[in-house]
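The structure under discussion appears below in the form of structure tokens.
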Amino acid sequence: MEHDGDVIAELIADHREVEELFARFDQAPPGSEDRKPFVDALTIELVRHSVAQEQYLYPAVRKHRDGGHALADKKLADYARIEHLLNELQRREPLDEDFEYLVRRLRTEVTAHVDEESNLYLQVRSNIDAAVLQELGDKIRRSKKTAPTRPHPAAPDAQPAGKDLAPGLGLADRMRAHLTSRRHC
């Protein structure tokens, strides 16, 4: 879903969408095939969100915040754990023994990530000019249109290689989704 606002508003809206997907997942009966589309939708949203932050937010944090390099590196490590869980979930079906456990672990990691709203995002808003924040929000909205929709653990995380590969991986993901009828909820 596309929003309009600065980078912080855009990323917070992503968090609310992910929370809504978890709530919809919870409404489907445990072990039900109805849960798999929500995991697919969570994967799409979380990967797009991750790529957007990796491409635009974390470089700004590195540039505009004291200790920004260490903070960005920590956030990237957090996302690596989320990406690993998403990758594992893509290989599972709702009746698999560890499916529910992996979703619980994913929710725990994502919930810990959302704490950015009360610390990192406030710091970004107070240390970066409003026009720059709006420009970053615009860039994130554009990047989501071409971002990967599946975890790609073998892709480089380091800039600029990861940034350059994202549109190509995104196109490949969308083609795969079309061919396999994988749809966003």
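The structure presented is a predicted model; accordingly, all values stated were derived computationally and were not measured. Quick note: numbers below take in every heavy atom, side chains included, and nothing from hydrogens, waters or symmetry partners.
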Any heavy-atom pair between the side chains of V18 and F22 that's under 4.5 Å?
yes

My understanding is that only residues two or more places apart in sequence, or in another chain, count here; which of them pass side-chain contact (heavy atoms from CB on, under 4.5 Å) with K139?
Y56, E135, R142

Should E20 and R24 be marked as a side-chain contact (heavy atoms from CB on, under 4.5 Å) after you check the CA-CA gap, both sets of side-chain angles, and the distance that decides it?
CA-CA 6 Å; E20 175 64 24; R24 291 174 66 195; 3.4 Å; yes

Do the non-hydrogen side-chain atoms of R92 and V39 ever get within less than 4.5 Å of each other?
no

To the closest 0.5 Å, what do you measure between CD1 (I8) and CG (L57)?
6.0 Å

With rounding to the nearest 0.5 Å, note down the distance linking CD1 in I12 to OH in Y121.
7.0 Å

Using the side-chain contact (heavy atoms from CB on, under 4.5 Å) criterion, which residues pair with H64? Sequence neighbours excluded.
A60, I128

Would you say L106 and L46 make side-chain contact, with heavy atoms under 4.5 Å?
yes

Please determine whether side chain to side chain donor-acceptor pair (under 3.5 Å) holds for the pair T43 and Q90, giving the CA-CA distance in whole Å, both sets of side-chain angles, and the decisive distance to 0.1 Å.
CA-CA 8 Å; T43 299; Q90 289 303 301; 2.9 Å; yes

What's the shortest heavy-atom distance between P30 and E100, and which atoms?
CA-OE2, 4.0 Å

Got a second to check how far H15's NE2 is from T111's OG1, nearest 0.5 Å?
10.5 Å

For H113, run the side chain to side chain donor-acceptor pair (under 3.5 Å) check against H49, R81, K75 and tell me which one passes.
H49

Rounded to the nearest 0.5 Å, how far apart are CZ of R91 and CG of N87?
4.5 Å

side-chain contact (heavy atoms from CB on, under 4.5 Å) partners for A28, two or more places apart
D34, R35

Check G31 against L95 and note the closest heavy-atom contact, atom names and distance.
O-CD2, 3.2 Å

With sequence neighbours left out, the residues meeting side-chain contact (heavy atoms from CB on, under 4.5 Å) with N119 are D115, Q123

Quick one, L120 and K74 - any side-chain contact, counting heavy atoms below 4.5 Å?
no

Check the pair D14 / R48 against salt bridge (charged side-chain N to carboxylate O under 4.0 Å, His left out), numbers first and verdict last.
CA-CA 9 Å; D14 288 352; R48 286 181 180 164; over 6 Å; no

E93: partners by salt bridge (Lys or Arg N to Asp or Glu O under 4.0 Å), with sequence neighbours left out
none

Worked check of side-chain contact (heavy atoms from CB on, under 4.5 Å) between I82 and V110
CA-CA 7 Å; I82 290 171; V110 169; 4.2 Å; yes

How many angstroms lie between CG in L76 and OH in Y58, if you round to the nearest 0.5 Å?
6.5 Å

Is there a side-chain contact between V114 and R16 (heavy atoms, below 4.5 Å)?
yes

Test R105 against E88 for salt bridge (charged side-chain N to carboxylate O under 4.0 Å, His left out), laying out the working first.
CA-CA 11 Å; R105 283 191 50 210; E88 290 298 315; over 6 Å; no

Residues pairing under salt bridge (charged side-chain N to carboxylate O under 4.0 Å, His left out) where one sits in residues 57-68, two or more places apart or in two chains, turn out to be R62-D73

Output the distance between atom CG (L85) and atom CZ (R107), rounded to the nearest 0.5 Å.
13.0 Å

